[in-house]
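Let me begin by presenting the structure, written as structure tokens, before commenting on it.
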Number of protein chains: 2
Amino acid sequence: MPRLGVILAGCGVYDGSEIHEAVVTLLAIDRQKAEAVITAPDMLLDEIDHRTGALTGATRSVLAEAARIARGVITPLEEVRAADLDAVVFPGGYGAAKNLSNLAHKGSEADILPEIRSLILAMHAAGKPIGAMCIAPALIALAFKDSGIHPTITIGTDPTTAATLETLGAVHATASAHDIVIDIPNRIVTTPAYMVATSIAEAAAGIERLVKEIIRMI
Amino acid sequence: MPRLGVILAGCGVYDGSEIHEAVVTLLAIDRQKAEAVITAPDMLLDEIDHRTGALTGATRSVLAEAARIARGVITPLEEVRAADLDAVVFPGGYGAAKNLSNLAHKGSEADILPEIRSLILAMHAAGKPIGAMCIAPALIALAFKDSGIHPTITIGTDPTTAATLETLGAVHATASAHDIVIDIPNRIVTTPAYMVATSIAEAAAGIERLVKEIIRMI
């Protein structure tokens with residue numbers, strides 16, 4: 001059974017992983033008779049009240065919050081090795097741009113968590129497919145920055161974000177919510193999800209295609 | 001477009017709403033071209049660390065946590081009226097048994113939040129369908145306690161929980177994860193979801209059938 005790493009960044013669109021994207025990813029993986037290995041880094045996030053979008057001033061554990069989506073079955077990122085996985089998938093949400101990287105604050109000057117960069121580069125070096133949705137394709141652009149590799153990815157249609165990713169060295173392809181963008185040589189599949197989608201069914205259409213394509217590539 | 005109330009109890013299987021069940025419900029509603037009106041009571045829950053299952057000693061707002069699943073678009077339960085809805089659906093998770101009621105602690109002596117009881121009884125009186133999954137069918141049993149109405153419901157196969165529901169006056173039907181139990185005269189549809197399911201795809205099979213049946217009944 002193929003094993004797909006699903007890398008989370010918390011639990012909630014504004015301070016962690018986008019919940020719908022994460023759950024639809026898990027459902028698609030299970031329906032394709034594959035196994036999800038859910039993981040997240042052991043770090044803190046800045047809590048946002050999802051009723052208002054405002055910071056509360058409190059912090060939460062990214063790993064403990066991600067464990068909510070995982071129903072308790074979660075592996076700390078530091079224990080996850082590329083050699084044990086057949087593919088990785090990154091759901092979106094601001095956590096990808098605030099926890100796994102600081103893209104939301106620093107744009108093209110952003111840093112990415114070293115463990116996330118290492119995992120992406122190790123999967124790529126092993127010829128294993130990498131999927132990302134919503135804003136999470138930015139992690140792929142950040143991981144390959146200054147590498148000489150120029151991954152083709154999509155975050156949908158937002159010209160400012162697309163320009164940031166191109167500054168990092170990626171090639172941006174415009175796409176709608178039901179589209180997937182496949183970078184064949186680099187074995188990377190991306191879809192805009194809630195960067196473009198206006199409903200969960202729209203987001204799910206692209207996410208299900210992404211998961212199927214990733215598993216087909218394994 | 002039919003409007004279905006989706007009543008949440010937090011965000012996480014051990015102290016709130018089961019996230020997979022809630023998201024699969026929202027996806028099924030959207031795919032059926034219906035509208036989800038997501039709501040939760042404005043009260044506190046006892047936080048559980050989902051890595052360990054242990055109480056942390058802290059509390060969280062049920063409404064703020066549920067807003068994570070709702071991507072911020074949530075209506076406080078006190079503002080929701082049965083007259084504005086065509087149906088209601090209750091996802092499961094311990095929040096149904098610890099926040100919306102105290103079934104987890106008091107069994108057949110449990111109380112239900114008065115606002116939840118009122119909503120269930122008002123929907124029933126108006127002939128509007130009511131859906132519930134996982135442990136949430138217990139809310140239906142609690143709402144109809146001492147009413148003279150004996151709803152037929154399922155929580156799967158657990159004999160102790162089933163006996164508790166029968167003590168409350170409900171009729172329990174054993175069911176597997178892909179089954180739905182339909183109480184035609186009372187317009188109630190239930191499915192065991194994660195009370196029985198061992199994977200998200202198994203849970204989703206019953207939840208999708210439940211949502212389709214509820215919408216067909218409207």
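Quick note on labels: first sequence line is chain A, next is B, and so on, each numbered from 1.
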Looking at B:A64, B:A22, B:G72, which makes the most heavy-atom pairs under 4.5 Å with chain A?
B:A64
Determine the option with the most heavy-atom pairs under 4.5 angstrom with chain B, choosing from A:V24, A:I74, A:I69, A:V73.
A:I69
Using atom types as modelled and distance alone, determine if a side-chain donor or acceptor of B:R68 lies under 3.5 Å from a backbone N or O of A:C11.
yes
Please find the pair of heavy atoms, one from A:D30 and one from B:I200, that lie closest to each other, and give the distance.
OD2-N, 3.4 Å
CG-OG distance between B:L26 and A:S199, expressed to the nearest 0.5 angstrom:
11.0 Å
Between A:R31 and B:A201 the two heavy atoms that sit nearest each other are CG-CB, 3.9 Å
Name the region of A:S61, side chain, backbone, both or neither, that has any atom closer than 4.5 Å to a heavy atom of chain B.
side chain
Minimal heavy-atom distance between A:R71 and B:Y14, with the atoms involved, is O-OH, 3.6 Å
Heavy-atom cut-off 4.5 Å, strictly under: side chain, backbone, both or neither for A:L63 against chain B?
both
Count the heavy atoms belonging to other residues, nucleotides or ligands that lie under 6.0 Å from OH of B:Y94, then report whether that count exceeds 12.
no
Could you check whether any side-chain heavy atom of A:E47 comes within less than 4.5 Å of a side-chain heavy atom of B:R60, counting everything from C-beta outward?
no
